[in-house]
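The sequence lines fix the lettering, A, B, ..., with proteins before strands; numbering per chain opens at 1. Hydrogens, waters and symmetry mates play no part in the numbers below; they use all other heavy atoms, side chains included.
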Amino acid sequence: MQNFTKESLIQSLIEIRQKGWIPTGRKNNDGGVGNTLEDLLGIEENNLPIPNASEWELKAQKKNTTSLITLFHMEPSPRAFKFVPTILLPEFGWRHKEAGRKYSQNEQSFRQTINAKGYSNRGFTVKIDKLDKKVWIDFNYKNISDTHNSEWLEQVSNKKLEPKPYWGFDDLYHKAGTKLHNCFFVSAESKKINGTLHFKYQEIFMLKKFNLDKFVNAIEEGYIYIDFDARTGHNHGTKFRLRRDSLIKLYSDVKQY
DNA sequence: GGTACCTGGAT
DNA sequence: TATCCAGGTAC
């Protein structure tokens, strides 16, 4: 991999911006805007839990989306329980919308995008305990809305989530500190040209000094979401996510190029 | 092949 | 905003 410095990254990103419309390098992949940016920088695809380019993490996002930005992936503790594949998906999951069509008849889904502000309509929420220094997941069937089908309501009624999935502050600090300390955020316009998705990279933000206290406070105040994203055939992992404005606020030093 | 990471979405 | 969701790789 190329050995980037801050200066060479800024230069490369500005050159990419000057190229204008660039075809996606990943057809049929929602992550195309980020993958294509990595391709242009000569970064090989990997799943290593480290910054993309030397000490710099890269985030890209389509301009016209309201989707959340993923900070990182981390499965909850205790790891031995393997919460998502052995508990949350089989015991609390529901029939996938594409079961019997795109997927098998038995395809289950467990997707929850939740924060500390309140319970989702499937009864899940994020809790934060500053004394025990952990973020944990609660489930309470009393908070389930009755809009769900009776089969699922029956399945989870009176069910308890025990033990609670959690993330220790120290683990979160280590993950965020090593992966997110410095970051470039790049936005891109997108459109199809002759049927192929293209991106035009535009705003370039240099974000320095990720602030761990602000990170925990953002979880507590509900600006950071925990996003479970599993179906039977593919667990995409459990993510910590937030909106663009919230991402920028987590850094102490922000510059736009 | 299961699990846990990576890159991100639409309505 | 809430509730759903995508294609990849390492081990």
Quiz item: Touch check for Asn235(A), heavy atoms < 4.0 angstrom, all strands: base, sugar-phosphate only, or nothing?
Solution: base
Quiz item: Which part of the nucleic acid does Leu48(A) contact within heavy-atom distance under 4.0 Å: base, sugar-phosphate only, or nothing?
Solution: sugar-phosphate
Quiz item: The side chain of Val33(A) lies closest to which of these nucleotides: dG9(B), dA6(C), dT7(B)?
Solution: dG9(B)
Exercise. Could you tell me whether Lys62(A) contacts a base, only the sugar-phosphate backbone, or nothing, with contacts defined as non-hydrogen atoms closer than 4.0 Å?
Key: sugar-phosphate
Quiz item: Of the nucleotides dA10(B), dG8(B), dG7(C), which has the atom closest to the Asp30(A) side chain?
Solution: dG8(B)
Exercise. Output yes when at least one side-chain N/O atom of His234(A) is less than 4.0 Å from OP1 or OP2 of dC5(B), else no.
Key: no
Practice problem: Answer with base, sugar-phosphate or nothing: what part of the nucleic acid does Asn115(A) contact at a heavy-atom distance below 4.0 Å? | Solution: nothing
Exercise. Return no unless some side-chain N or O of Arg111(A) is found under 4.0 Å from OP1 or OP2 of dT3(C).
Key: no
Quiz item: Does OP1 or OP2 of dA6(C) have a side-chain N or O of Lys97(A) closer than 4.0 Å?
Solution: no
Quiz item: Which listed nucleotide (dA4(B), dA6(C), dG8(B)) is nearest to the side chain of Thr70(A)?
Solution: dG8(B)
Quiz item: So which nucleotide from dT3(B), dG8(B), dC6(B) ends up closest to the side chain of Asn47(A)?
Solution: dC6(B)
Quiz item: Which one, dC4(C), dA6(C), dT7(B), comes nearest to the side chain of Asp229(A)?
Solution: dA6(C)
Exercise. With heavy atoms under 4.0 Å as the rule, sort Thr113(A) into base, sugar-phosphate or nothing.
Key: base
Quiz item: Checking all strands, does Lys117(A) fall into the base, sugar-phosphate, or nothing category for heavy-atom contacts under 4.0 angstrom?
Solution: nothing
Self-check item: Nucleotide nearest His148(A) (side chain, heavy atoms from C-beta), chosen from dC4(C), dA6(C), dG9(B)
Solution: dC4(C)
Quiz item: Base, sugar-phosphate alone, or nothing: which one does Thr238(A) contact when heavy atoms must sit under 4.0 Å apart?
Solution: nothing
Quiz item: So how far is it from Leu58(A) CG to Leu41(A) CG, rounded to the nearest 0.5 Å?
Solution: 6.0 Å
Quiz item: Within a strict 4.5 Å, meaning less than it, do heavy atoms of the Val126(A) and Tyr225(A) side chains meet?
Solution: no
Quiz prompt | Minimum-distance nucleotide (side-chain atoms of Asn29(A) versus dA6(C), dC5(C), dT9(C)) | solution = dA6(C)
Self-check item: Closest-nucleotide ordering on DNA chain C, the 5'-leading residue of Lys102(A) and Asn121(A)
Solution: Asn121(A)
Quiz item: What nucleic acid atoms does Gly34(A) come within less than 4.0 Å of, heavy atoms only: base, sugar-phosphate, or nothing?
Solution: sugar-phosphate
Quiz item: Which part of the nucleic acid does Tyr103(A) contact within heavy-atom distance under 4.0 Å: base, sugar-phosphate only, or nothing?
Solution: sugar-phosphate
Practice problem: Using a heavy-atom cut-off of under 4.0 Å over every strand shown, decide if Glu57(A) touches base, sugar-phosphate, or nothing. | Solution: sugar-phosphate
Quiz prompt | Minimum-distance nucleotide to Lys179(A) side chain [options: dT1(C), dC6(B), dG8(B)] | solution = dC6(B)
Quiz item: Can you tell which of dC5(B), dG8(C), dG9(B) lies closest to the side chain of Ser67(A)?
Solution: dG9(B)
Quiz item: Hey, does the side chain of Arg241(A) come within less than 4.0 Å of dT3(C)'s phosphate (OP1/OP2), counting only N and O?
Solution: no
